[in-house]
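First up is the structure itself, then whatever we jot down about it.
Quantities reported herein were computed from a predicted structural model and do not represent experimental measurements. The first residue of the sequence shown is numbered 1, and numbering continues consecutively from there. When a ligand or atom number is given, it counts from 1 through the structure's own listing order.
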Amino acid sequence: MDWNAELVNSAWWLLKAYLVTLVIFFISLFLLARSTVWGRQFWALTGGYFSPKRSWKPILGLCVILLLTLFAVRMDVLFSMWYNTMYTSLQNLDEATFWFAMWLFAILASIHVIRALIDFYIQQSFIIHWRKWLNEHLLSRWLDNQAYFRTQYLEKGIDNPDQRIQQDVTLFAESSLSLSMGVINAIVSTIAYTLILWGLSGPLALLGIEIPRGMVFMVFAYVLIATVFAIRIGRPLILLNFLNERFNADYRYALVRLREYAESIAFYAGEKVEGALLRSRFAQVIGNAWAIVRRSLQFLGFNFVVSQTAAVFPFIIQAQRFFSKQISLGDLVQTSQAFGRLQENLSFFRTAYDQFASYRATLDRLSGFTSAIEQAHRLPAPAIRADGTRLALENLSLSTPAGQVLLRDLSLEVAPGKPLLIRGPSGSGKTTLLRAIAGLWPYSEGAIVRPAHGTLFLSQKPYIPLGTLRDALYYPDSPGREAIDNPDPKGYRQSRAASDSSALKNLDGLLSAAHALNAPPASSATDETAVKALQDVQLGHLASRLDETADWGRILSLGEQQRLAFGRLLLAKPVAAFLDEATSAMDEGLEDAMYRLVRQQLPEMMLVSVGHRNTLFAHHPAHLVLAGKGSGKWEIHD
Ligand SMILES: Nc1ncnc2c1ncn2[C@@H]1O[C@H](COP(=O)(O)OP(=O)(O)OP(=O)(O)O)[C@@H](O)[C@H]1O
């Protein structure tokens, strides 16, 4: 074999194969995206990423990965030729060729290693960029228009959105690339090795009939039959793997709820009930895991038998031609390798069958998620317009999703400095009215006029974000935002260096050390405005802990959290504020003090409160009373 010519041939082969594959690859993508359900789902989900208008980089990246994949196929073919050269030199006792083969191997192996590393790096960076785009795309659609909240109004809600955004996106990007490159590798290798085997195989006598190049036909028939059986044995694995995801997500969700509702459950001493629920969910996970093991035993067993048989099959067929000296030892070895490779590549479609099925399940979950988001975006929204700082309702009617009337034809105007109290029986629609004003309630008619900016809604159970007390105080304007956007690289690097050196002794400890390094400097704790706000709402004792990161939602009592929310109000100085039973956990004295404070510091603010207590009357000259009971009636007392 002339290796100099072979290297030049390889370069030509690579160029031709690359151009042909490139064209076929993009045409196939186009056709799949148009004619198959999953192709359309794929394109709807990520077409934007590959749009050249956005950036050429993803397409260029894909082209490079394709080139490296074909390069890998060619290297494989060269290795198979190398084995032929080497074994033939052994058979001929040709020492010079043997040593030449050793040098050649050094060159081929070096190229192979460099190619593999470059391929690894480029594929990983391609996946990371893709994941970043997908994550950002889904996250912004999910946050836009409050879709994360409004999806609850859809007839068919969505389960585990967190899993879809975090886990499925990763799986989707990784599997898309590995499956598509796997298919290309398998097809191109199949062609390459069919040609090799074609050259090496002789006629095969079967049942008295002589089949020319019989080996090639044998391997195709062999793999085809094996594939049919494997799909039959492996099919139940698709459902089992799908259930595995579902059961694990259910189990995780039950564990998360235990953490979320820890206090209530602990008060009820509900460990027994929770334990039973957790154990029964875990039992489902385990039951399914055993079913997967049993089915995989059959599937793997069958695959092992198929591949083991394939190992000796070509020797048996070529033995006669070898012993009659029609082919060399190198030819025999190369035949067995080409047969093995061909069998392996044709089997790709068999072995990747369940991978493809789980890929489709991931795609289904992501498409279901995006279409739910689109539906949520299309839900009607209350007609809200801005007219300076005016706050008014014009012929507003509200109903429940089931169509029950909550409020009919309400018109009113809230004047600055003249707070309005909304009263009415439980379930009459007080909170729903605030939801409509916030733009969150889809089932409304009429118009809402409110300032475009500078509105603040406080609910009965204030939201306390993750982070420091200062973050909670300024929410949703976070003074610590830079820290979130730019996690301190120094702290991160230090913790990483520590983790490198300590051989991963205590990861929890290292992570909390990194967290501590990320905390803002202590000097900012003296921020006067924040401290004053805390003192005003009678939380002065927490001033020194402003920059402490803790689970404040659990540490502070409900009354303290409500006072913290009043602090938020004082700092934000909104044009209009809406307080939904925002003082329900305070005693009457504190409630009075909080309202006095607000009216003193923000006398011109438009204030709307929802509440039941008579003590609120003193601070609200105007009242809106909802009648409830499905009547939609209301009264205004000025
Ligand atoms: N997401 C929802 N889906 C279906 N019905 C809802 C939804 N949210 C609220 N409702 C219904 O709308 C009605 C009004 O609820 P809302 O929370 O506004 O009452 P409320 O007057 O604030 O009651 P309370 O004084 O007990 O807080 C209730 O019957 C409630 O069940």
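Using a cutoff of 4.0 Å between basic side-chain nitrogens and carboxylate oxygens, Asp250 and Arg246 are not scored as salt-bridged. Salt-bridge check for Glu413 with Arg390: passed, with a basic side-chain N closer than 4.0 Å to an acidic carboxylate O.
A side-chain donor from one of Gln167 and Glu245 sits under 3.5 Å from a side-chain acceptor of the other. Side chains of Ser55 and Tyr49: no donor on one and acceptor on the other come within 3.5 Å. For the residue pair Gln601 and Asp536, a side-chain donor N or O sits within less than 3.5 Å of a side-chain acceptor on the partner.
Look at Gln460 and you'll find every heavy atom at least 4.0 Å from all atoms of ligand 1. Contact analysis leaves Gly424 out of contact with ligand 1, as no non-hydrogen atom separation drops below 4.0 angstrom.
Looking at atom 22 (O) of ligand 1, its nearest protein heavy atom turns out to be Thr431 OG1, 2.8 Å. Remark: minimum distance from atom 10 (N) of ligand 1 to any protein heavy atom is reached at Trp441 CH2, 4.2 Å. With hydrogens left out, the protein atom closest to atom 9 (C) of ligand 1 is Arg435 NH1, 3.7 Å, a heavy atom. In this structure, the protein non-hydrogen atom closest to atom 15 (O) of ligand 1 is Thr432 OG1, 3.5 Å. The protein non-hydrogen atom at the shortest distance from atom 27 (O) of ligand 1 is Glu581 OE2, 3.7 Å.
Counting only non-hydrogen atoms, the option in Arg150, Lys430, Arg423 that gets closest to atom 21 (O) of ligand 1 is Lys430. With Ser428, Pro425, Pro401, Pro442 as candidates, the residue nearest to atom 4 (C) of ligand 1 on a non-hydrogen basis is Pro401.
When only interatomic distances are considered, the shortest N/O to N/O separation between Gln404 and ligand 1 does not fall below 3.5 Å. The N/O atoms of Ser426, backbone and side chain alike, include one that comes under 3.5 Å of an N/O atom in ligand 1. Distances between N or O atoms of Gly427 and those of ligand 1 include at least one value under 3.5 Å.
For the pair Val625/Trp634, no side-chain contact is recorded, criterion being any heavy-atom separation below 4.5 Å from C-beta on.
Note: Trp441 and Tyr443 have perpendicular aromatic rings, judged against thresholds of 30 and 60 degrees for the angle between ring planes. Using cut-offs of 30° and 60° for the angle between ring planes, the Tyr595 and His619 rings count as parallel.
Aromatic rings from Phe50 and Trp130 are positioned such that their centres are separated by under 6.0 Å.
Counting the atoms of ligand 1 from 1 in the order shown, those under 4.0 Å from a heavy atom of Tyr153 are 1 (N). Distances below 4.0 Å separate heavy atoms of His612 from the following atoms of ligand 1: 25 (O). In the vicinity of Gln152, heavy-atom distances shorter than 4.0 Å reach the ligand 1 atoms 1 (N).
If you look at Thr400 next to ligand 1, the close heavy atoms, those under 4.0 Å, all belong to the side chain.
Heavy-atom minimum distance, Pro382 versus Ala436: CG-O, 3.5 Å.
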